[in-house]
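To start, the structure itself, in structure tokens.
Only a predicted model underlies this, so the values are computations on that prediction, with no experimental measurement involved. Any value given below was found using the heavy atoms of this structure, including those in side chains, with hydrogens, waters and symmetry copies removed. Numbering of residues begins at 1 and proceeds along the displayed sequence.
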Amino acid sequence: MSRYTALPMARTRRALALLGTVALAAACTATEDPPGSAPATTAPATASASAPPTDPPSPSASTPVTIPTSAFVELPAELRKSPRRTTPVEEALPKLCGNEFGTGGRQVTASAAMTVTYQKAGEPASNVPQGMIHQTIFTFDGDGASGYLGRLRTGVQACPSYDQSGNRVTVKSQALPGVGDEAVLLTRTWPETSLNGERTGGTASSQIAVARVDSTVTVFDDQGWEGTSGNPAILDRVVRDGVRAIDAWQG
């Protein structure tokens with residue numbers, strides 16, 4: 001004879017009904033959200049307050065902007081040593097005493113950079129380039145573009161000279177009239193050296209131009225080939241052509 005006594009049929013039915021009710025309630029609780037509720041999301045990560053000041057400005061996610069290649073200047077064929085190419089912004093921006101050109105801040109909505117390599121008109125293709133010009137474009141929300149120019153002027157005034165590769169570089173700033181809504185031209189001058197690093201007794205120079213076109217700022221950094229002087233006439237042409245390209249992009 002079995003040791004186990006079967007439960008009465010009525011109690012068995014009640015137990016099974018109770019278990020079914022509990023299981024159904026649990027299933028509803030695990031799979032259904034309250035009406036109108038949003039799925040859970042992870043809180044966005046925030047940048048550390050101790051980030052170094054030399055970091056490039058972070059584009060704002062509020063107003064996404066795409067800067068097309070057509071917004072950048074292209075050299076005419078007689079001056080073009082090689083086609084323009086994309087360049088990281090942090091490499092294209094010039095550096096003087098510190099981070100004068102990287103202070104776009106939170107109002108930056110987009111940034112991009114390209115580089116053109118130029119030659120003297122009529123030179124044979126076998127000659128080395130005369131120099132290259134890095135162009136950076138920033139777009140801003142609100143009054144961010146004019147604020148950028150203001151901070152840049154203040155930073156340059158505080159940097160009349162700086163050391164670079166053992167040479168003292170002096171910096172002079174002046175307004176650049178007739179270019180965009182406002183523009184500034186910086187001239188850097190340093191002792192000229194030969195290819196083997198010996199001073200020649202002369203001086204070398206190159207220029208940086210910064211122009212604002214409405215809510216956009218563009219920075220042009222002219223660098224002579226292998227530390228030689230840049231070409232002011234070519235830079236002036238590139239700056240004015242570059243502003244017209246931005247005007248055409250903005251419509």
Intermediate values then yes/no, side-chain hydrogen bond (donor to acceptor under 3.5 Å, both in side chains), T218 and Q135: CA-CA 7 Å; T218 183; Q135 181 186 4; 3.0 Å; yes
Where do T216 and W249 land on the side chain to side chain contact (heavy atoms under 4.5 Å, CB included) test, with the steps shown first? CA-CA 11 Å; T216 299; W249 164 48; 4.2 Å; yes
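The hydrophobic clustering, which links ILVMFWY residues whose side-chain heavy atoms are closer than 4.5 Å, places V217 and L96 together. In the hydrophobic cluster analysis, where Ile, Leu, Val, Met, Phe, Trp and Tyr join through side-chain heavy atoms closer than 4.5 angstrom, V116 is grouped together with I234. L186 and M132 sit in two unconnected hydrophobic clusters of ILVMFWY residues. Membership requires side-chain heavy atoms under 4.5 Å apart, directly or through other members. Linking ILVMFWY side-chain heavy atoms closer than 4.5 Å, directly or via other members, places V213 and L176 in a single hydrophobic cluster.
Nearest heavy atoms, Q107 versus G144: OE1-CA, 3.4 Å. Scanning both residues, A92 and A113, for their nearest heavy atoms gives CB-CB, 3.6 Å. Taking every heavy atom of both residues into account, T189 and T203 meet most closely at CG2-CB, 4.0 Å. Counting all heavy atoms, side chain and backbone alike, I137 lies closest to A71 at CD1-O, 3.6 Å. Listed here is the closest heavy atom pair of A209 and L185: CB-CD1, 4.0 Å. The shortest non-hydrogen separation linking P68 to T66 is CD-O, 3.4 Å.
Side-chain contact between F220 and V73: present, with at least one pair of heavy atoms (C-beta onward) separated by less than 4.5 Å. Inter-residue side-chain proximity for F101 and V210 is flagged as met; some heavy-atom pair is nearer than 4.5 Å. Using a 4.5 Å heavy-atom threshold, the side chains of Y162 and R188 count as touching.
Annotation: the span from T87 atom OG1 to H134 atom NE2 amounts to 6.5 Å, rounded to 0.5 Å. The distance from the CH2 atom of W190 to the OG atom of S161 is 14.5 Å, given to the nearest 0.5 Å. Rounded to the nearest 0.5 angstrom, E100 CD and K95 NZ are separated by 10.0 Å. Atoms CE and CD1, on M114 and I67 in that order, are 11.5 Å from each other to the nearest 0.5 Å. With rounding to the nearest 0.5 angstrom, the CZ atom of F72 is 7.5 Å from the OG1 atom of T136. Note that CG of D221 is 9.0 Å distant from CG of L235, once rounded to the nearest 0.5 Å.
Of the listed residues (K81, R85, Q223), just one forms a side-chain hydrogen bond (donor to acceptor under 3.5 Å, both in side chains) with T117, and that residue is R85.
The salt bridge (charged side-chain N to carboxylate O under 4.0 Å, His left out) contacts involving residues 122-134 comprise nothing, where partners must be two or more places apart or lie in separate chains. Applying the side chain to side chain donor-acceptor pair (under 3.5 Å) test to pairs two or more places apart or on separate chains, those with a residue in residues 226-237 are Q130-N231, D236-R240.
A salt bridge links D241 to R244: one of the charged nitrogens lies within less than 4.0 Å of a carboxylate oxygen.
Chaining together hydrophobic side chains whose heavy atoms lie under 4.5 Å apart places W225 alongside V128.
T69 and R84 form no side-chain donor-acceptor contact under 3.5 Å, judged by distance and modelled atom types alone. Of the N and O atoms on the side chains of S194 and T200, not one donor lies less than 3.5 Å from an acceptor on the other residue.
At distances below 3.5 Å, at least one donor-acceptor pair connects side-chain atoms of R80 with backbone N or O atoms of L75. Listed for the R151 side chain is no donor-acceptor partner under 3.5 Å among the backbone atoms of R153. D181 places a side-chain N or O within 3.5 Å of a backbone atom of D214 that can act as its donor or acceptor partner.
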